[in-house]
Amino acid sequence: MHDHFHVQSARFGARALIAIGVAAALIAACQPAPATPVAQPPSQPEVRPTQPPAQPQTPAATSGIPAPFNDPSARPRVALVRELSSGSFFERYLAGAQAQARELGIELLVSSAEGDQAKLVANLETAIAQRVDAIIIDHGRGDVVRPTVQKALEAGIKVVTFDVQINLPEVPEIEQDDLLIGLLAARQLAIDSGGAGEVVYVNVNGFAPLDKRDRSWQDIKWRYPDLKEVARIGRVSANTAADTQTQFEAVIKSNPEARLVLAMYDEFAKGAVRAIEQAGLSDKYRVYSVDITNDDIQMMVKPGSPWKATVATDSYAVGRLSVRAAAALIAGEKVERYLLVQPVVITQEFLRANNVQDMD
Ligand code: SR1
């Protein structure tokens, strides 16, 4: 039996396929990523943001399409309720979600709480009142949003999360396999440094992906006891990179022997790298990070850049997967509870050797 919407994942890779009627081109655009997470660029199985959006199918061309998607006069409505929206990772995620929604004929209603948990809950309440077909919750604290998610489920609204540990069996959780991300980033730093050195750790608690990455860093410190975390900084705000840059400038003075930086979010890495560059210390530091976007690539390949490696998926593909998962739930199809997108290590050396300039 062939599902119309097929959203799949594996421990080492998000394999997200969607099969919708006769839309073979769309199926071809969504083939699974390869499963080897070593020094490869993120796979690009998705349609690029610059491509024109596909038109919703006409009824004549859509025999076999699930009923909620088969009425051009009543498009399914999905609320994308976000905790955060600033920064190139989140912008790229939104572009992916919007592109996938256009291709599936979904009306996507987007809100952002800009870090305010009360506003996040209020935005969820609004989505319930709007009687949307599904809600995607993009970041946010699980304990805070869980009661409202239960309310949505009771109202018959499907829910899927990205980077929220909701712990409800009927709510699929998408993530970038953050325990693995943390392990790969910290291990790259450990191996490159011969397992020794003073490390500035840039991370904060209270965000599910960052908490998971932190668990892996604790393991790596246990494994390589000569790696010394001498400072921990970081702040998630509307200006995360700028705030981190200010904090890092102080660390350069307070910890002049530190040479290694582990930044568990690309906005943290941008701030650290800018502080290092402005201090004229690029040849002294080695920065390891998480995430990749056009901005990040440009900073990594710049001559003399201290940004040596990052571990990432493509947030454009994650945004697309979020909408596909919501679509599958609306269509009444089975979606796995945990959808893990495959991260890979991307080194500065790899980007330069392959003349990689951007995400395309
Ligand atoms: C504030 S949380 C930032 C992280 O969320 C996503 O998981 C991205 O990878 C980013 O690093």
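Note that ligands are numbered from 1 as they come in the structure, with each ligand's atoms numbered from 1 the same way. Everything numeric here is computed off the predicted structure, so don't read it as measured data.
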Next item on the list: Using a strict cut-off of less than 4.0 Å between a Lys/Arg side-chain nitrogen and an Asp/Glu carboxylate oxygen, indicate whether Lys212 and Glu175 qualify as a salt bridge.
Entry: yes

Margin query: Any atom of ligand 1 sitting under 4.0 Å from a heavy atom of Leu84?
Written below: yes

Checklist line | Per-residue contact class, His139 against ligand 1 - non-hydrogen pairs under 4.0 Å | finding: side chain

Check: So which heavy atom in the protein is nearest atom 11 (O) of ligand 1, and how far is it from that ligand atom?
Finding: Asp291 OD2, 2.6 Å

Notebook entry, point to check: N/O of Arg213 under 3.5 Å from N/O of ligand 1, yes or no?
Noted result: yes

Item checked: Side chain to side chain, Val144 and Glu83, heavy atoms closer than 4.5 Å -> no

Item checked: Nitrogen or oxygen of Asp178 less than 3.5 angstrom from that of ligand 1 -> no

Item checked: ligand 1 versus Tyr265: contacting region, heavy-atom distance under 4.0 Å -> both

Item checked: Stepwise ring pair (Phe, Tyr, Trp, His ring centres under 6.0 Å) check, His139 with Phe207 -> CA-CA 8 Å; His139 288 71; Phe207 296 87; 7.2 Å; no

Check: Quick check: does Asp163 get an N/O under 3.5 Å from an N/O on ligand 1?
Finding: yes

Notebook entry, point to check: Which of the atoms in ligand 1, numbered in the order shown and given with their element, are less than 4.0 Å from a heavy-atom of Gln176?
Noted result: 6 (C), 7 (O), 8 (C), 9 (O)

Notebook entry, point to check: For Glu257 and Asn255, does a side-chain donor sit closer than 3.5 Å to a side-chain acceptor?
Noted result: no

Next item on the list: Run the numbers for me: atoms of ligand 1, each under 4.0 Å from some heavy atom of Phe207, listed by number.
Entry: 1 (C)

Note to self: Which label fits Tyr265 and Phe90: parallel for a plane angle under 30°, tilted from 30 to 60°, or perpendicular past 60°?
What the structure shows: perpendicular

Checklist line | Per-atom contacts of ligand 1 with Pro209, taking only distances under 4.0 Å to non-hydrogen atoms | finding: 5 (O), 7 (O)

Next item on the list: Answer with yes or no whether Glu267 contacts ligand 1, where contact means a heavy atom under 4.0 Å from a ligand atom.
Entry: no

Margin query: Side chains of Glu277 and Ser282 only: does a donor on one sit below 3.5 Å from an acceptor on the other?
Written below: no

Checklist line | Sub-4.5 Å side-chain heavy-atom contact between Tyr316 and Leu94 | finding: no

Note to self: Is a donor from one side chain sitting under 3.5 angstrom from an acceptor on the other, for Lys308 and Ser289?
What the structure shows: no

